[in-house]
Number of protein chains: 2
Amino acid sequence: MTAPLRNAEAAFVCAGCRGRNSGVCGSLSEGSLARICASAQMVTLPANARVCEAERGCSHFHLVQSGYLRMQSHSLSGRRQILGVARPGESIGPPRRGVGGYEVEAATPVRLCRFDRLTFELLLHEEPELRRALCQQSQIWLEKTRRLTWVLGALGSNARLRAMLLLSRDWLPWQPLEDGTGVLSLDLPRQDIADFLATTQETVSRLLHQFEDDGLIEIINPRKIRLIDYERLSEGLDVLGVA
Amino acid sequence: MTAPLRNAEAAFVCAGCRGRNSGVCGSLSEGSLARICASAQMVTLPANARVCEAERGCSHFHLVQSGYLRMQSHSLSGRRQILGVARPGESIGPPRRGVGGYEVEAATPVRLCRFDRLTFELLLHEEPELRRALCQQSQIWLEKTRRLTWVLGALGSNARLRAMLLLSRDWLPWQPLEDGTGVLSLDLPRQDIADFLATTQETVSRLLHQFEDDGLIEIINPRKIRLIDYERLSEGLDVLGVA
DNA sequence: CGCATTGTTGATCTATGTCAAGGACCGTGG
DNA sequence: CCACGGTCCTTGACATAGATCAACAATGCG
């Protein structure tokens with residue numbers, strides 16, 4: 001955790017940032033971004049580090065530079081539901097405190113731009129671009145969350161997993177090959193995938209191997225999946241627009 | 001369906017509106033609201049009327065005066081998931097067109113303020129209050145949708161239904177009685193409840209009767225439920241903050 | 001080389017979806 | 001007034017997806 005940066009260093013912060021061109025950061029002008037970065041701290045956290053408590057809330061605001069954050073909530077029976085994953089360029093504001101809130105953790109090792117809450121509210125006041133960007137982000141999140149809701153509600157585990165594999169091409173590292181297939185880096189552990197899809201590790205594992213047996217995918221190793229038969233992977237999912 | 005109203009009539013539009021003090025309308029000043037209402041059409045629709053298509057999108061913007069709208073999406077297998085319910089005072093903008101979109105229907109008979117798309121964008125441009133109200137609404141919706149996601153993902157049908165009963169006190173007609181219990185007007189048909197909770201009519205029916213046998217509720221008639229034992233209704237749901 | 005983490009596989013059991021039938025209620029028209 | 005059809009709700013029988021429990025394999029790390 002480093003001290004706040006002076007203006008001169010601001011450019012440096014964004015230099016290695018993988019989110020510069022997407023999400024909130026992506027829709028900000030150079031000037032605006034520079035002013036904003038000037039009050040950021042760069043923070044690095046290991047996987048599973050807690051970024052934000054559910055009850056106590058959190059006094060910081062973050063932009064993701066690299067890695068993934070997960071928003072999650074637990075039932076008393078211990079079941080965890082992942083409500084969303086924030087990727088580079090996206091922001092995590094302090095969630096509503098108390099009941100109904102969620103907590104934020106690093107799903108992978110992450111690098112974050114951290115803003116003090118007050119500082120950020122000041123920025124928000126001074127930078128209309130930032131306000132607009134955040135408003136837009138919350139609409140995009142709303143759409144993503146609605147889609148997740150739909151996937152959870154309308155599909156069985158089998159289809160849910162296929163949906164996730166196909167949709168993941170848009171937000172996880174994805175390497176298309178010449179033969180039309182492509183390799184997905186499933187950077188999240190099985191348990192996270194399970195908690196995202198509201199199912200269990202075991203089911204995810206079983207289904208992946210079933211897909212492999214059926215020739216839909218190839219499991220190169222647990223984290224590298226080659227998607228082969230898009231046609232059958234997307235069976236019944238046409239509504240999602242995943243070809 | 002009536003013609004657009006002249007300014008003089010604007011006040012009249014809101015007169016009978018049950019949403020004047022909540023949602024978007026609730027956070028607007030008199031002046032702003034008057035200007036906005038001036039370009040509204042008042043529309044009345046019967047239950048199950050289609051307000052907005054999923055694919056074609058829709059060229060109107062609506063504020064709910066009374067009744068409920070449901071946002072929903074279908075899987076190819078015919079399963080419907082209700083993504084959210086808009087109540088008086090809330091707005092339904094044209095959802096994203098095409099895949100991933102949802103359709104909007106009247107869940108009950110409704111009265112709506114309808115705005116032409118272009119007109120509304122003009123209003124949005126001229127009324128900063130309106131912009132702010134909509135931005136705020138999308139954040140509230142995001143929270144509601146996240147909560148739904150959590151309920152769907154982390155809870156079984158039994159707990160889901162109990163959660164809905166308790167939470168419904170905040171947005172469906174609710175009449176507390178002297179003895180501490182209270183009567184809920186479950187204004188939605190069983191099928192809608194089922195599609196909201198991602199379960200089936202049959203299960204909803206069975207669970208309600210089971211709750212009655214266990215003394216948690218009394219089914220006065222299919223649409224009137226008296227909540228009796230909050231303690232046990234909220235078992236395992238403490239996280240939601242429902243007493 | 002242990003030891004911890006992560007993923008896989010098997011056996012079992014149950015909640016709940018599906019199918020099918022019937023009941024309650026309501027408005028309409030004869 | 002009653003018969004009719006419609007909608008909404010309830011109940012029963014049955015099948016099964018997937019959760020749970022438990023053990024084990026694979027991988028990586030100190």
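Since this is a predicted model, take the numbers as computed values, not measurements. Within every chain, numbering begins at 1; the chains are lettered A, B, ... in the order of the sequence lines, protein sequences first and strands thereafter.
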Between [atom2] of [N] and [atom1] of [X], the distance in whole Å:
| X | N | atom1 | atom2 | answer |
| --- | --- | --- | --- | --- |
| A/Leu207 | D/dT16 | CG | C1' | 14 Å |
| B/Arg162 | C/dA15 | CZ | P | 14 Å |
| A/Asn48 | C/dT5 | CG | P | 11 Å |
| A/Arg190 | C/dG7 | CZ | C1' | 7 Å |
| A/Leu161 | C/dG7 | CG | P | 13 Å |
| B/Arg223 | D/dC8 | CZ | C1' | 8 Å |
| A/Gln201 | D/dC21 | CD | C1' | 13 Å |
| B/Leu188 | D/dC9 | CG | C1' | 15 Å |

Task: B/Arg79 side-chain proximity, nearest of C/dT8, C/dT18, D/dC21 - done: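 Closest nucleotide to the B/Arg79 side chain: C/dT18.
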Task: Most 5' of B/Ile219 and A/Glu202 on DNA chain D, judged by nearest nucleotide - done: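 Its nearest nucleotide lies further toward 5', so the answer is B/Ile219.
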- [ ] Before accepting this row, confirm whether a basic side-chain N of the pair A/Glu90/A/Lys144 lies closer than 4.0 Å to the acidic partner's carboxylate O.
- [x] yes
- [ ] Find out whether A/Leu197 and A/Ser157 are in side-chain contact, i.e. whether some heavy atom of one side chain is under 4.5 Å from a heavy atom of the other.
- [x]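 Not touching, per the 4.5 Å side-chain cut-off.
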Open item on the list: Could you check whether any side-chain N or O of B/Arg114 sits under 3.5 Å from a backbone N or O of B/Val43, counting only pairs where one atom can act as donor and the other as acceptor?
Closed with: no
Under 4.0 Å: is that the gap between some side-chain N or O of [X] and OP1 or OP2 of [N]?
| X | N | result |
| --- | --- | --- |
| A/Thr199 | D/dG18 | no |
| B/Arg206 | C/dA15 | no |
| B/Thr200 | C/dT18 | no |
| A/Ser205 | C/dG7 | no |
| B/Thr203 | C/dG17 | yes |

- [ ] Among B/Thr108, B/Asn48, B/Asp195, find the residue that satisfies the side-chain hydrogen bond (donor to acceptor under 3.5 Å, both in side chains) test when tested with B/Arg70.
- [x] B/Asn48
TODO: Given salt bridge (Lys or Arg N to Asp or Glu O under 4.0 Å), test A/Asp192 with A/Arg80 step by step and report yes or no.
DONE: CA-CA 9 Å; A/Asp192 280 8; A/Arg80 180 181 65 158; 2.6 Å; yes
TODO: Quick one: label B/Arg160 by what it contacts on the DNA or RNA (base, sugar-phosphate, nothing), any heavy atom closer than 4.0 Å.
DONE: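 Touches nothing.
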Task: Under 3.5 Å donor-acceptor pair, B/Gln191 side-chain atoms to D/dC9 base atoms - done: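 Counting by modelled atom types and ignoring angles, no donor-acceptor contact under 3.5 Å is found here.
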